[in-house]
Amino acid sequence: MTTDIATRNKILYFEDGQGFGGSLISLSELIDGVAATSSIDPIVLTSVNTSISDPVFREHSHAEFRRLATYKTRFIVAGWIETLPLPKPIRRALFNFYLLGHAASELADSIRLYVFIKNQNIDIVHINNGWVDSVIRASIWAKRPLILHFRGFYNSPLTTKQINQLTRNKTRLIAISDSVRISLVSAGFPSNLINVVYNPINIEKYDKNKNSAIEIRSKYRIHENDVVISIFGRVTKWKGQLEFLQAVQKIAGKLSNIRVMIVGDESDASIPDYLNAIHSIAKSPLLSGRVIFTGYQNEPVGYYWASDIVVHNSQEPEPFGRVVTEAMACQRAVIAMNEGGPAEIITHGHDGLLIPPRDVNSLSEAILELASSRELREKLGKNARKSVEQKYSHHAIANKVMGIYSTLQNKK
């Protein structure tokens, strides 16, 4: 293909996520940058319901591409078969039978995508969630350059079949952090095909919600001099809300003006014990009446602005840590674990604080340090905003991705 990137190009972005999340937001903000800085026509196909994708991609062409066979359905079916009161060989046979249907469904998806790529004259296919067999197969059939955007660690060794698929097609990989890049290389992906491109932030979108902080603080009766310490994300063990509250509890007696916000959905019924433990600490004498559970927020940006300190407390290494850059864009003082993506984003003491992972005492000390000093919070927040503007703006990130597109199109 010889089309020059300066002419009007169609890029198909395929989002395989099964719900609202960071990958969906990051893709939308990347497309905002690409569409604003180039002559590209972005077309988005998503696996999520249009009620979720419409608000995210309202300014861009998008459609729902419903797939019967996904990683989620495979996981659900495998779990269901394991619960059947049948001998193990029969359960294994049932799962193998399901896998045949799964493969047939993926093949049908590939055919549908191939027809779409050809009919729409797509120039490049950009998969937003790493390795998706059906999309890769359709791209190879259509002889279109391919981007595999990895937003998580890749832990499975690359197979011979996968290596052949990479070499048969014009393919480049994007890793959202150097930590993800290292995992890809360890899995067998050629390092020369990998580019590290961090997740973008459309700063203008965050600034639009700045004034909503007043309304949010008023809603929860948060006083002007209160110091709000917040944690964002689905309430689950991985995100570390329990350890976060344990850390706050340790210093709650030293500061009478702290309030706590847990921003996220706690509807995951598979972890009732975890939720009960969180609520138990929230009702303890030192924290009673000081913890706010906001539940799911489809517009969480205002809650960053309503916070004074944002804690990112993942109990496992985070591939990137979008909460970190979102909070930094809102000029908040951020505390994060010194591993994975956050360790690449934050310069300790300059635009945030990094602490040893899974160390409640260190987290408690960092919270106390920030909660006790408005001057330090403002310094870190100001520098954090500058870092986001310089390194993570959606225009700067889009330019990097555009460079990868150019490389693919000029590749012989």
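If you read the sequence from its start, that first residue is 1, and numbering goes on from there. Keep in mind the model is a prediction, meaning the values are calculated, not measured.
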Decide yes or no for [X] and [Y]: does some side-chain heavy atom of the first lie under 4.5 Å from some side-chain heavy atom of the second?
| X | Y | value |
| --- | --- | --- |
| Pro317 | Phe153 | yes |
| Ile229 | Leu370 | no |
| Ile127 | Asp16 | no |
| His62 | Asp54 | yes |
| Val44 | Val56 | no |
| Ile216 | Trp305 | no |

Is there a donor-acceptor pair closer than 3.5 Å between any side-chain N or O of Tyr274 and the backbone N or O of Val235?
no
Ser177 side-chain N/O to Pro319 backbone N/O, donor-acceptor pair under 3.5 Å
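Such a contact is found between Ser177 side chain and Pro319 backbone.
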Decide yes or no on side-chain hydrogen bond (donor to acceptor under 3.5 Å, both in side chains) for Tyr405 and His126, but give the supporting numbers first.
CA-CA 10 Å; Tyr405 292 162; His126 187 139; 2.8 Å; yes
Salt bridge flag under 4.0 Å for residues [X] and [Y]:
| X | Y | answer |
| --- | --- | --- |
| Lys239 | Glu318 | yes |
| Arg385 | Glu389 | yes |
| Asp178 | Arg181 | yes |
| Glu29 | Arg322 | yes |

Give a yes or no on whether the ring-centroid distance for Tyr13 and His149 is below 6.0 angstrom.
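Centroid separation for Tyr13 and His149: 6.0 Å or greater.
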For Phe189 together with Tyr154, are the ring centres under 6.0 Å from each other?
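Yes.
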Give me the atom names and distance for the closest heavy-atom approach of Arg358 to Gln315.
NH1-O, 3.1 Å
Report the distance from atom CZ of Arg377 to atom CG of Leu353, rounding to the nearest 0.5 Å.
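So the gap between those two atoms works out to 12.0 Å.
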For the residue pair His395 / Asp32, report whether a side-chain donor-acceptor contact shorter than 3.5 Å exists.
no
In terms of heavy-atom contacts, does CG of Leu99 have more than 12 from other residues, nucleotides or ligands at under 6.0 Å?
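Counting neighbours around CG of Leu99, more than 12 heavy atoms of other residues, nucleotides or ligands fall under 6.0 Å, so yes.
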Would you verify whether the NZ or CZ of Arg259 falls within 45 degrees of the ring axis of Tyr220 while also being under 6.0 Å from that six-membered ring's centre?
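That pair does not qualify as a cation-pi contact.
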